[in-house]
Colleague: 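Take this structure first; my questions come after.
Only a predicted model underlies this, so the values are computations on that prediction, with no experimental measurement involved. Letters go in sequence order (proteins before strands), and every chain restarts at 1.
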Protein chains: 2
Amino acid sequence: MSGSTMQKRMLDAMRPSALGDEPVRWQQRKSAQTRLKMLEAAVDCLVSGGYAGLTTAQVAERAAVSRGAMHHHFATRIDLVAAVVDHIFYQRIRLFLDDYLGTVAQRSDVELIDLATEAHWRSVQTREYAAYVELAVAARTDPELNAAFEPAARRYDEVWTAEMIESFPQWRDQWHAMKLGSDFAIAVHSGLLLHRPVFGQERIDMVLQLSMQAIRALYKA
Amino acid sequence: MSGSTMQKRMLDAMRPSALGDEPVRWQQRKSAQTRLKMLEAAVDCLVSGGYAGLTTAQVAERAAVSRGAMHHHFATRIDLVAAVVDHIFYQRIRLFLDDYLGTVAQRSDVELIDLATEAHWRSVQTREYAAYVELAVAARTDPELNAAFEPAARRYDEVWTAEMIESFPQWRDQWHAMKLGSDFAIAVHSGLLLHRPVFGQERIDMVLQLSMQAIRALYKA
DNA sequence: CAAATAACAGGCGATGCTGCCTGTTTTATG
DNA sequence: CATAAAACAGGCAGCATCGCCTGTTATTTG
């Protein structure tokens, strides 16, 4: 299984429906470009102001587009939010793969788990993950957001699981352990991120080390 | 070290300055009662509507007090928020101790770690922890809130650490390991809470089991 | 080249929140 | 009992945001 095949399959599975084939018309290209500019501005708003800071006026200002253009692409705020949700999950997959696949060349099987775990820890420190956390937390108390968020989150989880089974056929007989290790890493890393301001780097590193030991022990058993 | 002594010491360390000695005047008692009613209403708002849902109007309505009474006790919204922060940390300590100390009677030393870990997992499933998460996440993007939250969070962490050393003198020589286990449990549990809607109970239980093994292994080493 | 359509610009009223303000009632004090 | 002070009630202006609306420009198509 080549890295590029894996990358293509996962990205296809998570690609927002709005991003179909590459358009040829100038208008459509410009439109898609403006749309992307607004989505990136929305991520900026999420990171700097949280879900409450994701307002149509703020996004329009950051993206340097008029409120009219905003309304043309996203009729209501929740339409924008739904697009941002898809965009964030897509970017999370894309950025993780870019990072991880750049490290796996010429490595042995056992090293891959460590590399994947380390890549995951790096991935939670990105602005995209910060935006994801804002959405995930806000979705717990906002039914409209949750209606867009939870299905996307479930699909992301399914793609993640399926890919793990496909990409590591050598461990197919113990994929339950792989899934457990993945869930474990996800929980530890996001929890560490939440408590980072209080814990500080030193205690973070200690917990990361302990977690890695637990994951390695899981594969030996 | 008796449980009640430990309980008193920790609660004293985290008690909000507003809660001094028990007042005797009717007015002051009524005032403190109203104040508490507003703080509890604020927690309700946090849990059901997130930090953005913590508005002065909503809190006043839930607490069934006028906006004038609200303003009398908390001149500005941020004053209310700061009081809520202290209230939440105090309640977290109080509820955890109520739970944990109710389970430690007649138990051996090694069991205490398991019991404390289980009590901690229960504590993150309370409405008070849900409110804490809302505040912790919002504090990352709201400087005013962070100015009230981070000092309180650090103090909570210090009280927690100091108490661990005081309460388990038999393991004083390996308190670094204890601290690491505590940090680890905190990270795993809060991370699991965030991903609970996607993971589901079964995978949650698996990760909890794996985490407990890692903690036990930590104490054997 | 003309008609149609897509992309974009900006304004308006409604809504909800905040801070402040002026009264009213209840309790404490000399 | 009179006065002060605390606790509480409710209203009003300022501000930001949202959804919707009417124009304007640029591109496509017959």
Colleague: Please identify each residue that fulfils salt bridge (Lys or Arg N to Asp or Glu O under 4.0 Å) with A:Glu118, with sequence neighbours left out.
Modeller: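 A:Glu118 satisfies salt bridge (Lys or Arg N to Asp or Glu O under 4.0 Å) with no other residue.
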Colleague: List the atom pairs, with distances to 0.1 Å, where a side-chain N or O of residues 56-63 of chain A and a protein N or O form a donor-acceptor pair under 3.5 Å, not counting sequence neighbours.
Modeller:
| from | atom 1 | to | atom 2 | distance (Å) |
| --- | --- | --- | --- | --- |
| A:Thr56 | OG1 | A:Arg67 | NH1 | 3.2 |
| A:Arg62 | NH2 | A:Ser48 | OG | 2.8 |

Colleague: Considering only residues two or more places apart or on different chains, which pairs with a residue in residues 36-46 of chain B satisfy salt bridge (charged side-chain N to carboxylate O under 4.0 Å, His left out)?
Modeller: B:Glu40-B:Arg127, B:Asp44-B:Arg127
Colleague: Could I get the full list of ring pair (Phe, Tyr, Trp, His ring centres under 6.0 Å) partners for A:His120, not counting sequence neighbours?
Modeller: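 Residues passing ring pair (Phe, Tyr, Trp, His ring centres under 6.0 Å) with A:His120: A:His189.
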Colleague: Could you tell me the separation between the CG atom of B:Leu192 and the CH2 atom of B:Trp121, rounded to the nearest 0.5 Å?
Modeller: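 These two atoms lie 5.0 Å from each other.
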Colleague: How would you list, by chain and number, every residue that makes a salt bridge (Lys or Arg N to Asp or Glu O under 4.0 Å) with A:Asp79, sequence neighbours excluded?
Modeller: none
Colleague: If the condition is side-chain contact (heavy atoms from CB on, under 4.5 Å), which residues does B:Ala83 pass it with, not counting sequence neighbours?
Modeller: B:Arg35, B:Leu39, B:Phe74
Colleague: Identify, with sequence neighbours excluded, every residue that meets salt bridge (Lys or Arg N to Asp or Glu O under 4.0 Å) alongside A:Arg203.
Modeller: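 Residues passing salt bridge (Lys or Arg N to Asp or Glu O under 4.0 Å) with A:Arg203: B:Asp157, B:Asp183.
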Colleague: Let me know the distance between CD of B:Gln33 and P of C:dT26, rounded to the nearest Å.
Modeller: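 Spelled out: CD on B:Gln33 to P on C:dT26 is 17 Å.
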Colleague: Return the set of residues passing salt bridge (Lys or Arg N to Asp or Glu O under 4.0 Å) with B:Glu158 (not counting sequence neighbours), or none when no residue passes.
Modeller: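 Salt bridge (Lys or Arg N to Asp or Glu O under 4.0 Å) check on B:Glu158 returns nothing, list empty.
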Colleague: Sorted by first residue and then second, give each ring-ring contact (aromatic ring centres under 6.0 Å, His included) pair with at least one member in residues 190-210 of chain B; sequence neighbours left out.
Modeller: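 Counting only pairs at least two positions apart or across chains, the ring-ring contact (aromatic ring centres under 6.0 Å, His included) contacts touching residues 190-210 of chain B are B:His195-B:Phe199.
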Colleague: Please produce a list of atom pairs where a protein N or O lies less than 3.5 Å from an N or O of nucleotides 11-14 of chain C.
Modeller:
none

Colleague: Please list residues of residues 70-80 of chain A whose heavy atoms come under 4.0 Å from any atom in DNA chain C, ordered by number; otherwise none.
Modeller: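 Only A:His72, A:His73 qualify.
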Colleague: At a heavy-atom distance below 4.0 Å, what parts of residues 52-66 of chain A sit against DNA chain C?
Modeller: A:Ser66
